[in-house]
Amino acid sequence: MIPLNPPDVILGQILDSVVRELELSEQEPLEPPEPIALRRRRRGTARGSNLASVSLVRVDGMLRWAYHRPPRAVGLRRARRAGSLVGAEVVYSFGFREVPPNRIVSRLEDLDRKLTPNQGLRRWHAGKLSTVRGPATTPRALLVVHGSFSKSDVLFEELSSTPEGRTFLDKAAAHYKQVLAFDHPTLSVSPMLNALDLEQALNGYAGTVDVLCHSRGGLVAAWWLRTGLRKVGKVVFVATPLEGTSLASPARLKDSLDTLANIADAAHKMATLGGYFVPPAAPLLAVASGLMQVLGGVLSLGARSPLLDAGVAIVAGLAAQSRVGNNQELIRLHESDWPSKATCFAVRSDFEPANAEDPAWRFWKRLRHPVVSLARMAIDPIFDGPNDLVVDAGSMTRLVGSDIPRSRVQDFGTNTQVHHCNYFAQPETATFLSKTLLS
């Protein structure tokens, strides 16, 4: 066996820590001794394992997830053949009992609780978040809503990583008197249901609310505006898939989970990107490995299987973001004017690595449009235009069929530094927030 290179050894250690923390791995169940007559009938061959497994492997420089059915369920030879990838080097692998269809939703709920442990309303005060039963009425409050697979703590940590971000937080605490954060499940529940929970959490609050939201959290805020009559002043949508994201397409979900692993790999190899905040690899690997454990059996069927659409539809938090023409939730979100007449702003970026030929960014070609490279790789791009690695840039500024005015958009344009996971670590983002929310 060829030994792994040092970066992959460290990546495997990170993934091992993630798997332990999320309790994704399981031990082989104990079985009674097998009668000798049955062993003789099998002529000494092994019984085979009852466990399915997920492996993170590197093939031709890129990371991919591989799902293996339990050998006992499919037969040893077939299991080995199905689980083999030519030229693959296994970075990490873990086993577990295959998730039956009637347990998928509850497993997603378990995963949500581990990824976002402090669900509900919290208040940012004196540099930390603490749980509140319900907000006290003040003339104006700021509400922060995090994105997919995340939690409010991460957003505040990013803002606190720059002087401009810390200045914004200090001024916001004085300007609003109350800075609130809404933590919510992002896999098992759709943004529309999150919005109902948000309204319930704010029950009794009578003041004006301004909103700062990131990624999928913007869809939660949008549905809250679409269905509610609460008094809202300003909303800043940061990298929100208002018209969906190509990364959540059912046919591309397996590629999307591979992409999350490769983003984590690139972030891990490049400790800094132009001196800016780079997200740790663990959270990206956590959601990718968790979803592979729950949905790997369906995803391994291939993009053309009708079961794939059904399997992804079970993940309500992803299905609601799918950038496809028949996404009924997004159609209804934008089909008519919203009761709440908030003033809306947006932040967006089109990320491109400084050196796309760097091995750490090799996966980027899978996302974008270099036609010659894609032809050689025999794959289709995930995105058909500008994006920030996770969300289509064109989707970030569309509301009810029209664009947010350019004067209200912080557009980083095509650049080598601002991607989906580090908007709030950019000084320009904090400056824009101060100008729009605190003026």
Side-chain angles (χ1 to χ4, degrees), residues 21 112-186 194 197-218 220-221 224 230-238 276-280 282-283 345 347 410 421-439:
E21 182 178 352
D112 266 328
R113 281 189 287 269
K114 291 169 182 174
L115 293 171
T116 312
N118 298 299
Q119 295 178 18
L121 201 63
R122 291 193 285 170
R123 183 184 178 189
W124 173 262
H125 180 67
K128 64 180 181 179
L129 287 164
S130 57
T131 302
V132 294
R133 292 186 179 276
T137 296
T138 58
R140 206 173 193 104
L142 176 64
L143 174 67
V144 176
V145 189
H146 65 77
S148 293
F149 331 130
S150 190
K151 50 189 177 182
S152 299
D153 311 66
V154 174
L155 194 152
F156 283 99
E157 286 170 8
E158 284 191 45
L159 281 170
S160 299
S161 68
T162 66
E164 293 83 358
R166 292 190 292 272
T167 296
F168 166 73
L169 289 175
D170 291 341
K171 289 183 176 180
H175 181 80
Y176 288 104
K177 308 304 179 184
Q178 272 196 118
V179 177
L180 303 170
F182 179 62
D183 284 74
H184 53 282
T186 64
N194 292 140
D197 292 338
L198 172 57
E199 178 61 27
Q200 181 63 34
L202 291 171
N203 186 35
Y205 183 80
T208 299
V209 180
D210 289 343
V211 183
L212 170 58
C213 45
H214 178 230
S215 190
R216 178 192 184 280
V220 176
W224 184 56
R230 194 168 294 279
K231 193 174 180 181
V232 181
K234 303 174 182 178
V235 181
V236 181
F237 295 100
V238 180
Y276 289 122
F277 176 92
V278 172
F345 303 85
V347 180
Q410 169 63 47
C421 302
N422 70 1
Y423 281 95
F424 293 100
Q426 310 303 325
E428 296 88 345
T429 300
T431 300
F432 182 73
L433 296 178
S434 294
K435 181 177 70 173
T436 55
L437 293 173
L438 306 181
S439 59

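In what follows, residues are counted from 1 in the order of the sequence shown.
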> Does atom NZ of Lys177 have more than 12 heavy-atom neighbours, drawn from other residues, nucleotides or ligands, at distances under 6.0 Å?
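No, NZ of Lys177 has 12 or fewer neighbouring heavy atoms, counting only those of other groups under 6.0 Å.
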> Okay, side chain of Asn194, backbone of His184: is any donor-acceptor separation there less than 3.5 Å?
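Absent.
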> I'd like to know if the side chain of Lys234 and the backbone of Thr436 have a donor-acceptor N/O pair within less than 3.5 Å.
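A pair under 3.5 Å: yes.
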> In terms of relative ring orientation, are Phe345 and Phe432 parallel, tilted or perpendicular, with 30° and 60° separating the classes?
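Phe345 vs Phe432 ring planes: perpendicular.
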> Salt-bridged, Lys231 to Asp210, with N to O below 4.0 Å?
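Between Asp210 and Lys231 there is no salt bridge, as every charged N stays at least 4.0 Å from the carboxylate O atoms.
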> Parallel, tilted or perpendicular, judged at 30° and 60°: which one describes the rings of His214 and Phe424?
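Rings of His214 and Phe424: perpendicular, as their planes differ by over 60°.
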> Whether the side chain of Arg166 engages the backbone of Ser160 through a donor-acceptor N/O pair (distance < 3.5 Å, no angle test) should be reported.
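Between the backbone of Ser160 and the side chain of Arg166 there is a qualifying donor-acceptor contact (under 3.5 Å).
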> Give a yes or no on whether the backbone of Gln178 and the side-chain of Thr138 come within a donor-acceptor separation of less than 3.5 Å.
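No, the answer is negative, given that no donor and acceptor are paired below the 3.5 Å cut-off.
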> Got a salt bridge between Glu199 and Arg230, using NZ or NE/NH1/NH2 to carboxylate O under 4.0 Å?
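Yes, charged N to carboxylate O under 4.0 Å.
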> List for me each residue that meets side chain to side chain contact (heavy atoms under 4.5 Å, CB included) alongside Thr137, sequence neighbours excluded, and say none if there are none.
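For Thr137, the residues satisfying side chain to side chain contact (heavy atoms under 4.5 Å, CB included) (neighbours in sequence not counted) are Tyr205, Ala206.
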> Among Leu143, Val238, Val145, which residue satisfies the side-chain contact (heavy atoms from CB on, under 4.5 Å) criterion with Leu212?
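Testing Leu212 for a side-chain contact (heavy atoms from CB on, under 4.5 Å) against Leu143, Val238, Val145 leaves exactly one candidate, Val238.
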> Mind running side-chain hydrogen bond (donor to acceptor under 3.5 Å, both in side chains) on Asp183 and Thr116 for me, showing each step along the way?
CA-CA 7 Å; Asp183 284 74; Thr116 312; 5.9 Å; no
